[in-house]
Amino acid sequence: MGLDGTATQSTTLPPVAMHDRYGPFFRSFFAHYFDPIDFPAAALERIRSLADQGTLVYISRSASLLHFLYLNHICLRHSLPLARFVNGVSPVLFQPVGGLVERMRVLGSEDVEELDTEGEALEHRQLGHVLRGGESALLFLQQAATLFNPHAEPDANLLRTLIHAQQAQEKPIYLVPHLIMWDLHPEREGRNLPDAVFGEAEAPGFLRTLFLLLRNYRNAFVKVAEPINLRDFLCQLDSEGECAPDEHHLALHHTLQIELFKEVFDTTGPRIRPHAEYEEEILADARIQDMIQQEAGEDEARREALRKEAQDMVDEIAAEPRIRWTLSLNWALNLFWKFMLGEIVVAEGGFERIREAIRKSPVVFCPSHKSHVDYLIISQMCLLHRVPLPHIAAGVNLSFWPMGPIFRHSGAFFMRRSFKGNKLYPVVFRTYLRHVMREGFPIEFFIEGGRSRTGKLLGPRYGILSWLVEAFQEGTGEDVQFIPMSIDYEKIVESGSYMRELSGGDKKKEDVAGLLRSSKALRSKHGNVYVQVGEPISLREYMQQRGETRENLDDERRRLLVQSLAHRILYDINRVSTVTPSALVALCLLNHRRRGMAEKTLQERARWAMAWMRRRQVRFSNTLEEFERSLAEAAARFSRDGLVAIQDTGIELVYSAVERRRLALDYYRNNVIHHFVPAAIIATALESFTVEAVPEQALQERVRELSRLFKLEFRFRDERHFAEELEAGLQELSAEGLVKMEDGFAVKRSEAQDLRVFFRSILEHFLEAYWIAARSLDLLAERAYGDRDFTTRCLQLGDHLFVQGEIMLQESISREVIKNALQVFTERGAIESEPAGRKGNRLTLAEDWKDVGRRAALAAEIERYLNR
């Protein structure tokens, strides 16, 4: 008899395997401890379908009696084929009496020579018999290495029998690799004493598995890999010809191990090595050693001092993830959210896209940044959806005690705001980032740099993105995938501090006192939070689209690539942002140019805005399914915060924005205005002409002028798409009845006056802010200012102009918008900026702009769009 399972005997010793005759005690035990272990419903349907087409063989990583019993229970519960053969375990004590009697009868009929074949040969014979009969089997790829079985090694021999059985029949054999994930603890390298006695985490012995079951059965879950059609797999091996037929079982074993590894990896991420070992590897990197050598020269004492300094830098920077800290933080945060937030809503399929990306290459989370809550929520959602926790780039200002150690052990790594004056620090930081990427940990960073105080996306910061691209160029991985993510709030936690800063107040440093002062905000209800995940952006594919390769990417080409990629990421974040009732109410009220808005009018305008955005496949909050109620609740929430006044006139409720709180309300409008900006720019440019019919060429020039003016405010598509975007925008406005195109002219339609006011109102406060900044250039003609002092003077001028009635909108007086305007004027050459040490930059008026007429012309250029 050979290992292929062929036999001439008429009687075969039946294997001890699954059955359906468990007694009340075992059925009760299984129901209590096995039912809570989640088995994916989609996998059950797929397995059931495959069972109708061929023979099922369940595959798992490490032999486990409890795993065998769990799978037996699942097969019975969901009507899946029972495995009539199992290797590596001995479930004799769990067999029905009748089965044991039959086994004894067969044993009595066997002659002595046949009994001597028990062991490996008998297993092959039993497996072959089961498969020839079209019945299912359960194969474990290895034994658990424990104190009583210290030298357990993976064994591929039974796969030979599996292959022979497939070759002997037409009916396909389907392999179903699966495993039970008992917890989310990332596997650590190195065996400790409990591992040697009870088995390692990935291959636990019976006692360790029993402990894990009793402790974690409510949170455990099953991962099922893509089933393998063994017939197709063997055909592919034969066609590739890369291994001999007698090695096919080794190739199959390797493939199964890889598939099971992927199922673990896309949940726990890579192994976490001891921090000291990881630190030594980073410090030994040639880049750090070269920089130390360059700085120290032949001075041995200096070299040792720099090495100690580099070690201190790694300690300052590096994350030290410990899953128990993250789980404890998650538990504490859920207590806060219970009183503070409504529901955290995650778009369906978002984290599955992340999981698929993780299986292919290193991934980088690129979320919007509106609140300090952002990174906490993302980590919590990773735990909830069983995705590896990211290493999160955080400012070193967040490393304060006691939160710093909590953040560090939850995956945060810290970076200084400035690298100036220290040549070693940027090398250490970039080396650390490269090692994190090479290890395969997800990385999370906020491409905007800081939190948005205005509610819309900030311009990109290129530092970390550039280093990641550089690491990929140097060969760290086959690809990198960037995951755009949007986190949107019905009410922002830091709204009070944001409004204070936008109005000219100082930003306060995060510390324990600040954390305690936020307790008032934590006691308030802030509504729902929405997490949206965009489509991954493959760096390799993005470079191919631009005609770039790793080899031709010099410094300048890399700089342009990074800039383009950054804007693409921001553009995609905007595309997946969630429209909330708060944003709709703010949009409608702030774009209304009368004293108040009746409830019915608010609802009509909000429905129109939703219809406009729906045509762009925008994502809406689930609360908007109860449309009228959700708007009323958002307005009531604004009313409690003093942002909106609600009056009952006896006829209908009337809503109006509180004049001095319009800037706070503007935060929520800015969450959605990017959906209207392209059309608003065209409408504003059209209204800047006094004639009714505007030549399309002249309109195009002003649209381009406005787009360039607001390049720091909004995320536009590439300049190459300008004509295409303009044409699409004109068609949209034409469909809405605002304009009609006739013989190369854009003709205004008088019946659409209200809509034209709505679209112009999208940009009006930005235009007023830029006009304030242009008027403020006269102050620079008198003397130089520090950048922050000059921004404060601009705000003071804005207040003065508002009181005088020269500007109409209180939200125009915004520090962030005016800073962007000054940056645009600097790029135009009107302002000269030079470093002034710790005080920031020193601003002076450029020589060419000391002519008062030129400054007046700039103000007039902006003012013509205000139609004053």
Side-chain angles (χ1 to χ4, degrees), residues 341-353 367-368 370-371 373-374 377-378 381 385 452 455-457 483-492 525-535 570-592 597 599-638 643-644 655 665-680 714-715 732 735-736 755 758-759 762:
L341 299 177
E343 184 182 0
I344 299 177
V345 183
V346 180
E348 185 177 354
F351 278 83
E352 281 306 310
R353 282 196 291 277
S368 58
K370 296 184 175 74
S371 169
V373 174
D374 294 339
I377 286 178
I378 289 178
M381 292 305 100
H385 293 271
S452 170
K456 60 184 180 61
L457 293 182
I483 314 289
M485 304 176 74
S486 181
I487 307 172
D488 302 287
Y489 300 82
E490 289 188 345
K491 178 184 175 183
I492 197 70
K525 271 291 185 183
H526 292 75
N528 290 353
V529 181
Y530 300 90
V531 180
Q532 301 277 2
V533 180
E535 292 294 332
L570 289 172
Y571 183 80
D572 282 7
I573 291 173
N574 263 340
R575 287 182 60 190
V576 299
S577 62
T578 305
V579 177
T580 65
S582 300
L584 277 175
V585 170
L587 176 75
C588 295
L589 293 182
L590 291 180
N591 282 19
H592 190 60
M597 176 178 276
E599 185 173 40
K600 184 177 179 181
T601 306
L602 173 65
Q603 292 172 0
E604 290 174 351
R605 181 51 54 87
R607 287 189 190 279
W608 174 86
M610 283 184 65
W612 172 274
M613 291 184 282
R614 188 172 283 114
R615 290 195 290 272
R616 288 151 186 79
Q617 299 181 334
V618 171
R619 308 182 185 194
F620 296 94
S621 73
N622 57 350
T623 51
L624 282 169
E625 294 173 3
E626 299 182 61
F627 179 75
E628 294 178 1
R629 177 182 174 181
S630 65
L631 291 187
E633 288 178 349
R637 191 162 48 244
F638 284 146
L643 277 62
V644 169
Y655 301 92
L665 199 59
D666 184 51
Y667 181 95
Y668 300 95
R669 171 174 61 175
N670 283 341
N671 291 173
V672 295
I673 61 170
H674 54 276
H675 299 300
F676 300 89
V677 162
F714 310 112
R715 313 275 77 78
E732 287 180 322
E736 292 293 334
L755 274 181
F758 176 87
F759 278 109
I762 293 288

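Worth saying up front: this structure is predicted, and the values here are computed from it rather than measured. We're numbering straight along the sequence, starting at 1.
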> Begin with the C-alpha distance, continue with both residues' side-chain angles, and end with the deciding distance and a verdict on side-chain contact (heavy atoms from CB on, under 4.5 Å) for F714 and N574.
CA-CA 10 Å; F714 310 112; N574 263 340; over 6 Å; no
> Output, in order, the C-alpha distance, side-chain angles, deciding distance and verdict of side-chain contact (heavy atoms from CB on, under 4.5 Å) for V529 and V373.
CA-CA 10 Å; V529 181; V373 174; 5.9 Å; no
> Applying salt bridge (Lys or Arg N to Asp or Glu O under 4.0 Å), name anything that partners D374, two or more places apart in sequence or on another chain.
none
> Closest heavy-atom contact between P484 and E535?
CD-O, 3.4 Å
> Kindly check if the number of other-residue, nucleotide or ligand heavy atoms within 6.0 Å of CZ (R615) is above 12?
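Enclosed.
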> Do S452 and S368 come close enough that some side-chain heavy atom pair is under 4.5 Å?
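No, every pair of side-chain atoms sits at 4.5 Å or beyond.
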> Within a strict 4.5 Å, meaning less than it, do heavy atoms of the Y489 and H526 side chains meet?
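With C-beta onward as the side chain, the pair stays apart.
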> Give me the atom names and distance for the closest heavy-atom approach of A583 to V672.
CB-CG1, 3.6 Å
> So with a 6.0 Å cut-off around CZ of R637, is the heavy-atom count from everything else above 12?
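Atom CZ in R637 is packed in, count exceeds 12.
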> If you look at every heavy atom in T623 and P581, which pair is closest and at what distance?
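Heavy atoms of T623 and P581 come nearest at OG1-CG, 3.4 Å.
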> Is there side-chain contact between S577 and H674, with at least one heavy-atom pair below 4.5 Å?
yes
> CG of L665 to OG of S582: how many Å apart, nearest 0.5 Å?
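It comes to 9.0 Å.
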> Output, in order, the C-alpha distance, side-chain angles, deciding distance and verdict of side-chain contact (heavy atoms from CB on, under 4.5 Å) for N591 and I762.
CA-CA 7 Å; N591 282 19; I762 293 288; 3.1 Å; yes
> What distance do E599 atom CD and M597 atom CE have between them, rounded to the nearest 0.5 Å?
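Rounded to the nearest 0.5 Å, the CD-CE separation comes to 12.0 Å.
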> Using every non-hydrogen atom in the two residues, find where S621 and E490 come nearest and quote the distance to one decimal.
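It is OG-OE2, 4.5 Å.
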> With the side chain counted from C-beta on, respond yes when L624 and L584 share a heavy-atom pair under 4.5 Å apart, and no when they do not.
yes
> Atom NZ of K370 and atom CD1 of I492: how far apart are they, to the nearest 0.5 Å?
7.5 Å
> How far does NZ of K456 sit from CG of L570, to the nearest 0.5 angstrom?
11.0 Å
> For F638 and Y668, what are the C-alpha separation, side-chain angles and deciding distance, and is it a ring pair (Phe, Tyr, Trp, His ring centres under 6.0 Å)?
CA-CA 11 Å; F638 284 146; Y668 300 95; 5.2 Å; yes
> One pair to check against side chain to side chain donor-acceptor pair (under 3.5 Å): S486 and Q532. What are the steps and the verdict?
CA-CA 5 Å; S486 181; Q532 301 277 2; over 6 Å; no
> Under 4.5 Å between any side-chain heavy atoms of E343 and N622, yes or no?
yes
> Once you round to the nearest 0.5 Å, how far does OG1 of T580 lie from NZ of K491?
13.5 Å
> Taking the side chain as everything from C-beta on, heavy atoms only, tell me whether I378 gets closer than 4.5 Å to P367.
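Side-chain contact under 4.5 Å: yes.
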> Quick one: does L587's side chain get under 4.5 Å of F676's, heavy atoms only?
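Counting from C-beta outward, L587 and F676 do come under 4.5 Å.
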> Please round to the nearest 0.5 Å and tell me the distance separating atom CZ of F620 and atom CZ of F627.
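The CZ atom of F627 is 10.0 Å from CZ of F620, to the nearest 0.5 Å.
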> What donor-acceptor contacts under 3.5 angstrom involve side-chain atoms of residues 600-614, with partners at least two apart or in another chain?
from: W608; atom 1: NE1; to: E736; atom 2: OE1; distance (Å): 3.0
from: W612; atom 1: NE1; to: H675; atom 2: O; distance (Å): 3.2

